[in-house]
Amino acid sequence: MSSAPSNTDQHAGEETGGTAHRYTARLAGDIEARWQQYWASHQTFLTPNPGMPGWDGDKPKFYCLDMFPYPSSAGLHVGHPEGYTATDIISRYKRMRGHNVLHPMGWDAFGLPAEQYAIKTGVHPAKTTRESIDNFRRQLQRFGFSYDWSREFGTIDEGYYKWTQWIFLRLYNAWFDPEQNKARHIDELIAMFERGDRPVRFNQEAAELDSNTRGRDLKAWGELDEATRHAVLASYRLAYIGEQTVNWCPALGTALANEEVIDGRSERGSHPVVRKPLKQWMLRITAYAERLLDGLAGVDWPESTKTQQTEWIGRSVGAHIDFEAGKRRIRVFTTRPDTVFGATYMVLAPEHPMVDELLGEKYGDTVPKAWIGGGFDDAEDLVARNATPRELVDAYRSYAAGRSDLERQAESKTKSGVFIGAYALNPASGERVPVFIADYVLMGYGTGAIMAVPAHDQRDFEFAQVFELPIRDVAYPRLYQAMHFYAEHIADEERADDERWRGVLADFLGITTSRDGDPESFAELLAQVRKPRVEQGEAPEWRREFIEGAQLDAVGGTGLRRGSVKITWLDAIEGLGFKDAEDFVTTFEHGGLYTKLGEAMPGVGRMVNSTGEGVSLDGLTVDEAKARIVEHLEVVGRGEAKVNYRLRDWLFSRQRYWGEPFPIVYDEQGLHRAVSADALPVTLPDLADYTPEVSDDPKPLLAKATEWINTRAGIAGVEGLASDAPVTREANTMPGWAGSCWYYLRYCDPHNDERLVGEEAERAWMGENGVDLYIGGAEHAVLHLLYARFWHMALYDLGEVGSPEPFRKLFHQGLITSYAYARPDKTLVPVDEVEERADGTFVETATGNSCTQTTAKMSKSLKNVVNPDDVIAEFGADTFRLYEMYLGPLEQSKPWNTRDMVGMQRFLQRAWRLTVDEETGEGVFLEEANPETEKALHRTIAKVGGDIERLAFNTGISAMIEFVNGATSAKPSGLTRDQASRFALILCPFAPHIAEELWGIAGNGPVCSLHPWPAYDEAMLTDDEVEIAVQIMGKTRAKLMVPADAAPKAIEDMAMSDDAVKALIDGKTVRKVIVVPGRLINIVAN
RNA sequence: GCCGGAGUGGCGGAAUUGGCAGACGCAGUGGAUUCAAAAUCCACCGGGGUAACACCCGUGCGGGUUCGAGUCCCGCCUCCGGCACCA
């Protein structure tokens, strides 16, 4: 066995007085350096894989993962160590509890900042990134994290991105089989074609729209030429080339994210940005929409993150409905097929491919002027000179293309669009309805076309207002129905008892009722029906009754009571913005509600105006009507039920340099070809100049590497072509998310040259449910965490991994913020421009104006960034670790305050002093344990263990502080060697360096980090006697010591015989006594 | 606008299941020690009230349920995060 590192203090003697061995930052630094070196040289945290020496397959596994950092040149931020300390505590604890723990670290190192730095300085990103990694590693190692550093890698390592490319090839060579709801190898698809089978496509609509492949896969496979086969297969692959509208910035020579575009200009440099369709690599994540959704039910993730993913995937249940337009059919998706009779016009997305085919030659004389075009720049001129539909459509398209998504949203208040001079037939009513294009309909969602039901959809309503289109109501709002009901029944049954009425009304309205038949909340009902709308021209017989009745309470004079709030119909009417009931009824009778309300109604009651050839929905509820109309449409072949997802396929190409090259080349025909797996990695070539080219034509940076781009099949490693056949490499690179999609798998087996991860290692660490604990920031809730799940599911389908989900339990640490100072107008002032005055208020130094203290994200501009290196130098790593964990609950965002750090330093000093003589550095121990201290230790062991399990580190640390304070002030004070050893063990996960030192001083050999967690005695957790509170009428009036196991009756007797209690209840009648054993007794007396 | 989360002393926070609100830490006040300081130790530390007790009030605001509410219900306010013309 190796000996413990020398405890000789090289600084001894340098300090004066009797505290040469006080636990100061200097001593802490010394201890920390020594133990870090010991752990490293003894490979304490080296984790063997199955088959390696030291592997024990009988232990349960625990895979504890951090989101690996992007190593920026700025170095570590104090936010980083928060999550890392948490996972380190758990990892160390689980190790001590007898688990095989996998706790790795690595680098997410491809990405934009390094490339932008290269553009600025001309230094190769590889160089700067490597330097940043070295700095990050150095900083992380100062914290004493128990990572198995032998498993470290970066996503930029060739040995790593080789496998990223390999996974891309797996996706490329796979298709999604909707019948089996899983991905399968492309060879199985080819085999099916060869057999003459016709496999179902995942995305049938896309196939129909895609004129390249339409119909071709219906022919016998053998009859197709190679290019056609290639195109057919390409349309099935999980990785495919698709056309996507992007924000293209010609000056920067790259596509930009929506967030990077402000007012049609690039955020950087303010260059113009246009929307441009661009052919790019896409990943078919939409095939997994359902599984990505369903899988969330089985994982232990924060609700907020599950909700975000659920909304991102955006499942909508509805129907496809076909509208006939001449020989063509326009297919729409709607969630409200029940309102199809109210569809008085149609809208297609401006870029909808069918627009050109439908376009009318000119507008007829009967076309209302208001229809022709409106809401955009050139519309008036064009309309004034009788422009053709073609001209207007072209003008509108270029207008729409010139606007970013952000602009569209900002200007969403006014609807714009163009009537394209064509009509379609409403398949339910048979009515001829005009067809428009408008940018409020998005090509990327549903079918890119809608049936517009202005009466029941707010956007359609607004559009109808601008273009003066007819609005037809087909679904009654509930309040209107309630009024009808009131007129028909309640007026006659004024004497009917409340309960019965409420039950009937609630039932009629479809409101959940509680046991007594009370609508759960009348306000809830109002919220659902908010704006009533009624049929024009219908003369209600109940007018008089209604107006009079509305003066009274709704329910026979008593009203609906909810808490103290009484709601009457009159309240409801006024809540809707009407003067009084008369005003409402007048408006109602004149059909002016749309104008008055300026809103569409959801229409959640029963159907009206909905009778057509072969089908009628009148009188049905919304749900019944949905089912009926879909059934009808299916029978007549005009539609079908359809579940639609908001999720779109993943745009996977970037025009950047610093990313993984695609393992793809193009042959002389321009067909994409895979680089064979043996030829991987496709290494990233060096580039001398990283400046993007100014261009209208999207051109990736890698296109500058002409020698690399233009090569031969043999050199590129492409099979199936002559080795001297010229090929062109794919010049786009993969996005930053690619490397982080599967790094957790690589940690299981980081040095494997044969596979992305060895099967045995993958099963051992990932098991059935994947990573056991994954901690990282909430900002990745939908991006990284969704992409990684998608890749994992595909790899699962293809047999590469054995767990259906990658991360069983996910946890987000909160943001570490910093104090900041705000002026009265809420702008922030840098911290060094603010002074604190004696009275505790703050002023801006320059102006003398007062500021308020607040919290904000740390930022360079506010000068409130804290550098971990400085903090460690001042206090030591153990104190730093404790401080960050003690700040508050892990998931909460918390303000950093260096001043508070001293509390944790004092705690460690007291813990040190408890068993170490500050003058000599020798251990000082009790011979015999103080029983109170022993009891406290058992409780602390139990508490700390439980708190670690539930990630409540702040309260666990509190418990240890209380223990140390208690043991210090106890008589006799101090610990035995055995007690000191057990305390060192529970301290170890939090503050491992000082724990190792105390462990050694207590006479143990190294290392406590691998020692089993101490046991506690259940019997020691309870007292024989407990103090309970005596409450009179719920207020604590006295305390009472009672035996812990006293029966309720005995406690009551004791309390009643207590003099103080007697005095308090003197002259009162005891009505009731409640006893909560071990806690309190409450005497109800008055 | 929609969805999610949170509001507790001067500050960070605790109260795990409806059961003694404010554990623990910081800051502050008073004292001991010291030539002095640092460090350490002791006491106090939500508001009102009292010589001291007693007592009253108090977990964003207004109601409610309960013997008892920071915790549950209803209605608001504020802050943070996410999404946003998704048919």
Side-chain angles (χ1 to χ4, degrees), chain A residues 17 19 22 24 302-308 310-312 314 316 318 332-336 347 405 408-409 411-413 415 438-442 444-453 457-460 462-463 520-524 562-565 644-648 778-779 781-782 815 819 840 853 855 882-883 886-889 891-897 899-904 906-907 909-910 913 918 946-947 950 952 954-955 957-962 965 968-969 1027-1039 1071-1074 1076 1078-1085:
Chain A
T19 55
R22 163 162 296 170
T24 58
E303 269 322 303
S304 60
T305 303
K306 286 198 202 180
T307 306
Q308 275 185 56
T310 302
E311 285 174 4
W312 191 263
S316 296
V332 304
F333 172 73
T334 176
T335 54
R336 291 294 302 272
V347 185
D405 283 349
R408 284 194 184 196
Q409 285 161 27
E411 294 169 19
S412 67
K413 280 166 202 151
K415 293 281 181 287
D439 65 359
Y440 82 91
V441 173
L442 310 174
Y445 183 77
T447 62
I450 62 159
M451 62 176 208
V453 185
D457 181 281
Q458 181 61 20
R459 295 152 304 179
D460 297 343
E462 285 163 15
F463 190 87
E520 274 203 342
S521 150
F522 191 75
E524 201 173 87
R562 194 74 212 175
S564 66
V565 183
N644 195 54
Y645 296 91
R646 215 184 66 167
L647 185 70
R648 304 189 194 169
E779 67 274 17
V782 286
L815 206 63
Y819 285 112
Q853 192 178 46
T855 54
L882 282 170
Y883 171 70
Y886 191 67
L887 263 178
E891 69 275 18
Q892 231 169 69
S893 129
K894 301 157 290 251
W896 177 278
N897 190 359
R899 192 172 66 176
D900 292 351
M901 188 81 74
V902 70
M904 290 302 107
R906 285 180 193 152
F907 161 56
Q909 280 176 344
R910 282 196 295 271
R913 204 155 48 223
E918 290 189 332
D947 282 353
R950 61 187 186 98
N954 52 337
T955 53
I957 294 168
S958 289
M960 288 190 288
I961 294 172
E962 284 181 85
N965 290 348
T968 301
S969 57
E1027 188 186 61
I1028 65 164
V1030 181
Q1031 296 185 340
I1032 317 286
M1033 297 298 287
K1035 290 189 191 265
T1036 305
R1037 298 294 181 184
K1039 300 287 174 72
R1071 311 225 172 253
K1072 197 173 177 184
V1073 176
I1074 291 113
V1076 183
R1079 290 213 182 253
L1080 56 74
I1081 171 169
N1082 189 10
I1083 300 163
V1084 184

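Note on naming: letters A, B, ... go to the chains in the order of the sequence lines (proteins, then strands), and numbering restarts at 1 for each one.
For B:G9, the O4'-C1' to base torsion is within 90° of 0; the nucleotide is therefore syn.
The line from OG1 of A:Thr968 to CZ of A:Arg913 is 7.5 Å long, rounded to the nearest 0.5 Å. Note that CD1 of A:Ile1083 is 10.0 Å distant from CD1 of A:Ile1074, once rounded to the nearest 0.5 Å. Of the inter-residue distances, the one linking A:Leu882 atom CG with A:Leu887 atom CG reads 11.0 Å to the nearest 0.5 angstrom. Taken from CG in A:Leu815 to NZ in A:Lys894, the straight-line distance is 9.0 Å, to the nearest 0.5 Å.
Distances from the side chain of A:Ser316 to the nucleotides B:A87, B:C20, B:C83 place B:A87 closest. Between B:G19, B:A87, B:G12, one nucleotide has an atom nearer to the side chain of A:Thr334 than all others, and that is B:A87. Counting only heavy atoms from C-beta on, A:Glu962 has its side chain closest to B:C24 among B:C24, B:C20, B:A87. Looking at the side chain of A:Asp457, the nearest of the listed nucleotides B:A27, B:C20, B:A87 is B:A87. If you check B:A27, B:A15, B:A87 against the side chain of A:Arg950, the one that comes closest is B:A15. Checking B:C24, B:C67, B:C85 against every side-chain atom of A:Ser958, the shortest atom distance belongs to B:C24. Nearest nucleotide to the side chain of A:Lys1072, out of B:G13, B:C67, B:G25: B:C67. Checked against B:C24, B:A84, B:A27, the side chain of A:Arg646 finds its nearest nucleotide in B:A84. Proximity note for A:Asn1082 (side chain, C-beta onward) versus B:A87, B:C20, B:G68: the nearest is B:G68. Proximity note for A:Val1076 (side chain, C-beta onward) versus B:G13, B:G19, B:G12: the nearest is B:G19.
Look at A:Tyr886 and you won't find any side-chain N or O under 4.0 angstrom from OP1 or OP2 of B:G25. For A:Gln909, a side-chain nitrogen or oxygen approaches OP1 or OP2 of B:U40 to under 4.0 Å. Put simply, A:Thr955 has no side-chain N or O that comes within less than 4.0 Å of OP1 or OP2 on B:A15. Within the structure, every side-chain polar atom (N or O) of A:Gln892 is placed at least 4.0 Å from both OP1 and OP2 of B:A6. For A:Arg899 and B:G25, the shortest distance from a side-chain N or O to OP1 or OP2 is not below 4.0 Å. At the phosphate of B:C55, OP1 or OP2 sits under 4.0 Å from a side-chain N or O atom of A:Arg1037. Using a 4.0 Å cut-off, no side-chain N or O of A:Asn954 falls inside it from OP1 or OP2 of B:G25. The side chain of A:Arg906 contributes an N or O atom lying less than 4.0 Å from OP1 or OP2 of B:A27. A close approach under 4.0 Å does occur between a side-chain nitrogen or oxygen of A:Arg913 and OP1 or OP2 of B:C41.
B:G62 and B:C55: their P atoms are spaced 25 Å apart (whole Å). B:A54 and B:C74 have their P atoms separated by 39 Å, with the value rounded to a whole Å. To the nearest whole angstrom, the two P atoms, one in B:C53 and one in B:G4, are 49 Å apart. Straight-line distance between the C1' atoms of B:U16 and B:A23: roughly 14 Å, to the nearest whole Å. Separating the C1' atom of B:C41 from that of B:U33 is a span of 8 Å, rounded to the nearest Å. Rounded to whole Å, the separation between the C1' atoms of B:C72 and B:U65 comes to 8 Å. Going from the C1' atom of B:G64 to that of B:A14 covers 28 Å, rounded to whole Å. As rounded to the nearest Å, B:G75 and B:G5 have P atoms that lie 16 Å from one another.
Summarising the base pairing, B:G70 is matched to no nucleotide, lacking a Watson-Crick or G-U wobble pair whose two defining distances lie under 3.5 Å. Look at B:U78: its Watson-Crick or wobble partner, with both distances under 3.5 angstrom, is B:A6. With both pairing distances under 3.5 Å, B:G18 is matched to nothing as a Watson-Crick or G-U wobble pair. With a cut-off of 3.5 Å on both pairing distances, the Watson-Crick or G-U wobble partner of B:C11 is B:G25. Base pairing annotation: B:G1 forms a Watson-Crick or G-U wobble pair with B:C83, both donor-acceptor distances under 3.5 Å. With both pairing distances under 3.5 Å, B:C41 is matched to B:G31 as a Watson-Crick or G-U wobble pair.
One atom, CD1 of A:Ile1081, and another, P of B:G68, lie 16 Å apart when rounded to the nearest Å. The CG atom of A:Leu1080 sits 9 Å away from the P atom of B:A21 (whole-angstrom rounding). Rounded to an integer number of Å, the gap from A:Gln1031 CD to B:A69 P is 9 Å. One can place CD of A:Glu891 at 18 Å from P of B:G4, the figure rounded to the nearest angstrom. One can place OH of A:Tyr440 at 17 Å from C1' of B:A84, the figure rounded to the nearest angstrom. Distance, A:Leu887 CG to B:C24 C1': 13 Å, rounded to whole Å. Taking atom CG of residue A:Asn965 and atom P of nucleotide B:C24, one finds them 8 Å apart after rounding to whole Å. Atom C1' of nucleotide B:G81 and atom CD of A:Glu311 are separated by 12 Å, given to the nearest angstrom.
The 5' end of RNA chain B is approached more closely, in terms of each residue's nearest nucleotide, by A:Thr968 than by the other of A:Val782 and A:Thr968. Two residues, A:Gly314 and A:Gly888, neighbour RNA chain B, and the one matched to the more 5' nucleotide by heavy-atom proximity is A:Gly888.
Remark: A:Lys415 fails to qualify as a cation-pi partner of A:Phe463 under the 6.0 Å distance and 45° angle criteria applied to the six-membered ring.
Put simply, the side chain of A:Tyr883 never gets that close to the backbone of A:Gly903: no donor and acceptor are under 3.5 Å apart.
One cannot find a donor-acceptor pair under 3.5 Å joining the base of B:C26 and the side-chain atoms of A:Asp900.
Minimum heavy-atom separation, A:Ser316 to A:Thr335: CB-CG2, 3.8 Å.
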Exercise. Go through the steps to decide whether A:Met904 and A:Ile957 satisfy the test side-chain contact (heavy atoms from CB on, under 4.5 Å), and finish with yes or no.
Key: CA-CA 9 Å; A:Met904 290 302 107; A:Ile957 294 168; 4.0 Å; yes
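In this structure, A:Pro889 reaches the sugar-phosphate backbone alone: every heavy-atom distance under 4.0 Å involves primed, P, OP1 or OP2 atoms, never a base.
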